[in-house]
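Presented below is the structure to which this report refers.
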Amino acid sequence: MPLVVPALRLFLVFLNIYETFKTLKFPPPRRGGQPSARALSQRKRDLKGCLAIWVVWCCYAAYERTCDRVFGFLVPFHSEMKSVLLLFLLVTRAKGAEPLYLHVIRPFIKPYAIIVDPILEIVRDVGDFLFALSQVPV
């Protein structure tokens, strides 16, 4: 079982990257020069699903980095449950990630958005300043 979870994780990342690449490609134009409204709405739905997949994946990766060893020690069959979760995300793709995002992750994060947004804005500004400062010749 020690090799199953990393293999599934790697496969899921590469599949997400490929799906994102396909989704970000603009739909082909019709004869009038613009893509159809149906193609644009399908692309919007695909982008929403792709974003849900990446948000769920990032939350999973953050969980795995911070809490995996503790839960792996305390919870029996933890590795098997992770494998089932990764298989679920591989098989269902956006249809499985969207409910996880809408019903688990979003309600957890939404109350803190008012606090986190200004902090991230300040961090971004400080990062921009430090980057600009690093470009000054010595």
Count I, L, V, M, F, W, Y as connected when their side-chain heavy atoms are under 4.5 Å apart, and connections chain through other members. Are [X] and [Y] then in the same cluster?
| X | Y | value |
| --- | --- | --- |
| Val70 | Phe73 | yes |
| Phe11 | Val84 | no |
| Ile122 | Leu130 | yes |

Sequence neighbours excluded - salt bridge (charged side-chain N to carboxylate O under 4.0 Å, His left out) pairs with any residue from residues 124-138: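 Checked against salt bridge (charged side-chain N to carboxylate O under 4.0 Å, His left out) - neighbours excluded - the pairs reaching residues 124-138 are Glu121-Arg124.
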Can you tell me if [X] has over 12 outside heavy atoms packed within less than 6.0 Å of its [atom1]?
| X | atom1 | answer |
| --- | --- | --- |
| Phe26 | CZ | yes |
| Leu120 | CG | yes |
| Phe71 | CZ | no |

Minimum-distance pair of heavy atoms, taken over all atoms of Pro35 and Pro27: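 Of all heavy-atom pairs spanning Pro35 and Pro27, the closest is CG-O, 3.7 Å.
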Heavy-atom pair with the smallest gap, counting every atom of Pro76 and Met81: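 Residues Pro76 and Met81, closest heavy atoms: O-CE, 3.6 Å.
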Are any non-hydrogen side-chain atoms of [X] and [Y] less than 4.5 angstrom apart?
| X | Y | answer |
| --- | --- | --- |
| Leu100 | Leu89 | yes |
| Gln34 | Pro29 | no |
| Leu8 | Leu12 | no |

Ring geometry between Phe108 and Tyr112 (parallel below 30°, tilted from 30 to 60°, perpendicular above 60°):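 Answer is perpendicular, since the angle exceeds 60°.
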Gap separating the NE2 atom of His78 from the NZ atom of Lys82, nearest 0.5 angstrom: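 That separation rounds to 5.5 Å.
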Value rounded to 0.5 Å, distance of CZ in Phe14 from CD in Glu19: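 Spacing of CZ (Phe14) from CD (Glu19) equals 14.5 Å.
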Donor-acceptor pairs under 3.5 angstrom involving side-chain atoms of residues 40-56: please list them, not counting sequence neighbours.
residue : atom : partner : partner atom : Å
Ser41   : OG   : Ala37   : O            : 3.4
Ser41   : OG   : Arg38   : O            : 3.0
Gln42   : OE1  : Arg45   : NH2          : 2.6
Gln42   : NE2  : Asp46   : OD1          : 3.0
Arg43   : NE   : Thr23   : O            : 3.4
Arg43   : NH2  : Leu24   : O            : 3.0
Trp54   : NE1  : Thr20   : OG1          : 2.6

Side chain to side chain contact (heavy atoms under 4.5 Å, CB included) assessment of Leu86 paired with Tyr60: CA-CA 10 Å; Leu86 289 172; Tyr60 171 78; 3.7 Å; yes
Where at least one partner belongs to residues 87-111, residue pairs that pass side chain to side chain donor-acceptor pair (under 3.5 Å), sequence neighbours excluded: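 For residues 87-111, and leaving out neighbouring residues, the side chain to side chain donor-acceptor pair (under 3.5 Å) pairs sorted by first residue read Asn16-Arg93.
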